[in-house]
Trainee: 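Take this structure, written in structure tokens, and hold onto it; I'll ask about it next.
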Amino acid sequence: MSPPAAAPRPPRPATVTIAVWLQLTVVLVLLGLAVLTVAQAVHFDGQIDRAVRLVPDADPDEVTGERQGNVAMALIFGVPAVLLAVWLAATVVPVRRGGNVARILVFVASGAQLLVCFAQCCSGGFLVPLLAMPEIAAEPPPDWDEEWETSAFLDTLYAGTDPWDDLFFPAAGLGVLTVLALSATVVLLLALPPANRWFVPRTANEAPPGPAWAMPVPTYAPAGYGYPTAPLVPGFLPPNQPLPPGYLICPDPAAHLMPGTPPGPTGPPATPPEDAAGHPR
């Protein structure tokens with residue numbers, strides 16, 4: 001048995017076209033965030049070099065820790081942005097052509113963006129297991145606070161205000177909010193009924209749903225159940241036929257006839273002529 005033939009695909013809805021353009025915008029914003037993250041990492045590495053030049057006797061462990069933290073933050077924020085941008089960019093063309101699998105992948109990518117944002121905001125929680133280590137959990141020496149406060153390298157690194165930081169953090173926050181808002185809009189547009197009917201078209205043999213009064217009425221009813229067995233004339237009852245339960249009779253049957261259609265029988269059936277012996281002819 002051959003599979004049912006698919007009905008001709010209707011024109012692409014405007015909601016899908018808008019969603020495709022918004023999806024491309026999300027890709028560009030994600031790439032912009034990745035570039036901004038790399039620029040921040042390069043800038044902060046330059047700040048570390050400046051502090052090392054100003055404090056030649058800086059602790060090498062402090063310098064190494066700042067550099068490693070800088071690289072880790074760049075990876076935490078930059079790599080997910082690039083991966084999500086590639087994911088969404090790869091599904092733009094299939095979504096524009098009506099690929100339902102690509103639409104599902106867009107939904108998955110939007111959910112992944114929420115998880116990534118939550119994980120990035122809670123990235124500091126990864127340091128919690130370190131608190132259980134004996135050397136970290138132990139009480140610090142009495143002069144630990146004094147040594148931390150008198151670190152010339154850290155004081156020089158974080159001293160003063162940096163105009164770049166005043167620009168980077170608001171831009172990054174605005175970019176993340178833009179990505180989340182546009183992604184939610186794309187999901188909504190692709191899930192609307194017009195888009196859903198376009199991505200999942202009906203088969204040629206599948207009739208669209210309609211009101212009950214629009215369903216075809218059979219000409220003949222099953223015999224032996226008290227229903228009419230003769231052809232039904234719209235608005236009229238066959239002669240000598242019992243009425244089915246719940247059968248409604250229109251007070252004006254002629255209103256259901258098309259112009260020029262002769263009315264059906266309304267009176268009692270005609271008595272056939274009889275012969276001289278009284279038998280019907």
Trainee: Specify the closest pair of heavy atoms between Ala195 and Leu189, including all atoms of both residues, with the distance to one decimal.
Mentor: CB-O, 3.5 Å
Trainee: Could you go step by step and tell me if Val92 and Trp21 meet the side-chain contact (heavy atoms from CB on, under 4.5 Å) rule?
Mentor: CA-CA 9 Å; Val92 167; Trp21 284 108; over 6 Å; no
Trainee: Taking all atoms of both residues into account, what is the closest heavy-atom pair of Gly78 and Thr37, and its distance?
Mentor: N-CG2, 3.9 Å
Trainee: Are Val93 and Val101 connected in a single hydrophobic cluster, I mean Ile/Leu/Val/Met/Phe/Trp/Tyr linked by side-chain heavy atoms less than 4.5 Å apart?
Mentor: no
Trainee: Please name the pair of heavy atoms, one in Thr156 and one in Leu54, separated by the smallest distance, quoted to 0.1 Å.
Mentor: CG2-CD1, 3.6 Å
Trainee: Does a salt bridge link Asp45 with Arg50, judged by any charged N lying under 4.0 Å from a carboxylate O?
Mentor: no
Trainee: side-chain contact (heavy atoms from CB on, under 4.5 Å) between Leu30 and Gln113: does it pass, once the steps are laid out?
Mentor: CA-CA 10 Å; Leu30 286 172; Gln113 289 176 5; 4.1 Å; yes
Trainee: Please check if the side chain of Asn196 supplies one atom and the backbone of Ala191 the other of a donor-acceptor pair under 3.5 Å.
Mentor: no
Trainee: Say you draw a straight line from NE2 of His43 to CG of Leu36; how long is it, rounded to the nearest 0.5 Å?
Mentor: 11.5 Å
Trainee: Which heavy atom in Leu180 sits nearest to a heavy atom in Cys117, and how many Å separate them?
Mentor: CD2-SG, 4.0 Å
Trainee: Of Val16, Leu22, Val20, Thr15, which meets side-chain contact (heavy atoms from CB on, under 4.5 Å) against Ile18?
Mentor: Leu22
Trainee: Does Leu28 belong to the same Ile/Leu/Val/Met/Phe/Trp/Tyr cluster as Val35, with side-chain heavy atoms less than 4.5 Å apart forming each link?
Mentor: no
Trainee: Working to the nearest 0.5 Å, report the span between OG1 of Thr25 and CG of Leu88.
Mentor: 11.5 Å
Trainee: More than 12 heavy atoms of other residues, nucleotides or ligands under 6.0 Å from CZ of Arg96: yes or no?
Mentor: no
Trainee: Over all heavy atoms of both residues, which pair between Val95 and Arg103 is shortest? Give the atoms and the distance, please.
Mentor: CG2-N, 3.9 Å
Trainee: Taking Val176 as the starting point, is it possible to reach Phe168 by hopping between hydrophobic residues whose side chains are less than 4.5 Å apart?
Mentor: no
Trainee: With heavy-atom distances below 4.5 Å as the criterion, would you say the side chains of Gln68 and Thr64 are in contact?
Mentor: yes
Trainee: Any chance you could measure Leu192, atom CG, to Trp198, atom CH2, to the nearest 0.5 Å?
Mentor: 14.0 Å
Trainee: How about Val106 and Trp87: do any of their side-chain heavy atoms sit closer than 4.5 Å?
Mentor: no
Trainee: How far apart are the closest heavy atoms of Val187 and Ser110, and which atoms are they?
Mentor: CG2-OG, 3.3 Å
Trainee: Would Val52 and Phe153 count as a side-chain contact (heavy atoms from CB on, under 4.5 Å) if you check the C-alpha gap in whole Å, the side-chain angles of each, and the deciding distance to 0.1 Å?
Mentor: CA-CA 7 Å; Val52 170; Phe153 169 74; 3.7 Å; yes
Trainee: In Å, rounded to the nearest 0.5 Å, how long is the span from CG of Leu105 to CG of Asn100?
Mentor: 10.0 Å
Trainee: Side chains of Gln40 and Trp164: is there a donor and an acceptor less than 3.5 Å apart?
Mentor: yes
Trainee: To the nearest 0.5 Å, tell me how far Gln47 CD sits from Leu157 CG.
Mentor: 7.0 Å
Trainee: Grouping I, L, V, M, F, W and Y whenever their side-chain heavy atoms are under 4.5 Å apart, do Val179 and Leu24 come out in a common cluster?
Mentor: yes
Trainee: So, Gln23 and Ser183: side-chain donor and acceptor under 3.5 Å apart, yes or no?
Mentor: no
Trainee: Rounded to the nearest 0.5 Å, how far does CD of Glu66 lie from OH of Tyr158?
Mentor: 3.5 Å
Trainee: Taking Val38 as the starting point, is it possible to reach Ile76 by hopping between hydrophobic residues whose side chains are less than 4.5 Å apart?
Mentor: no
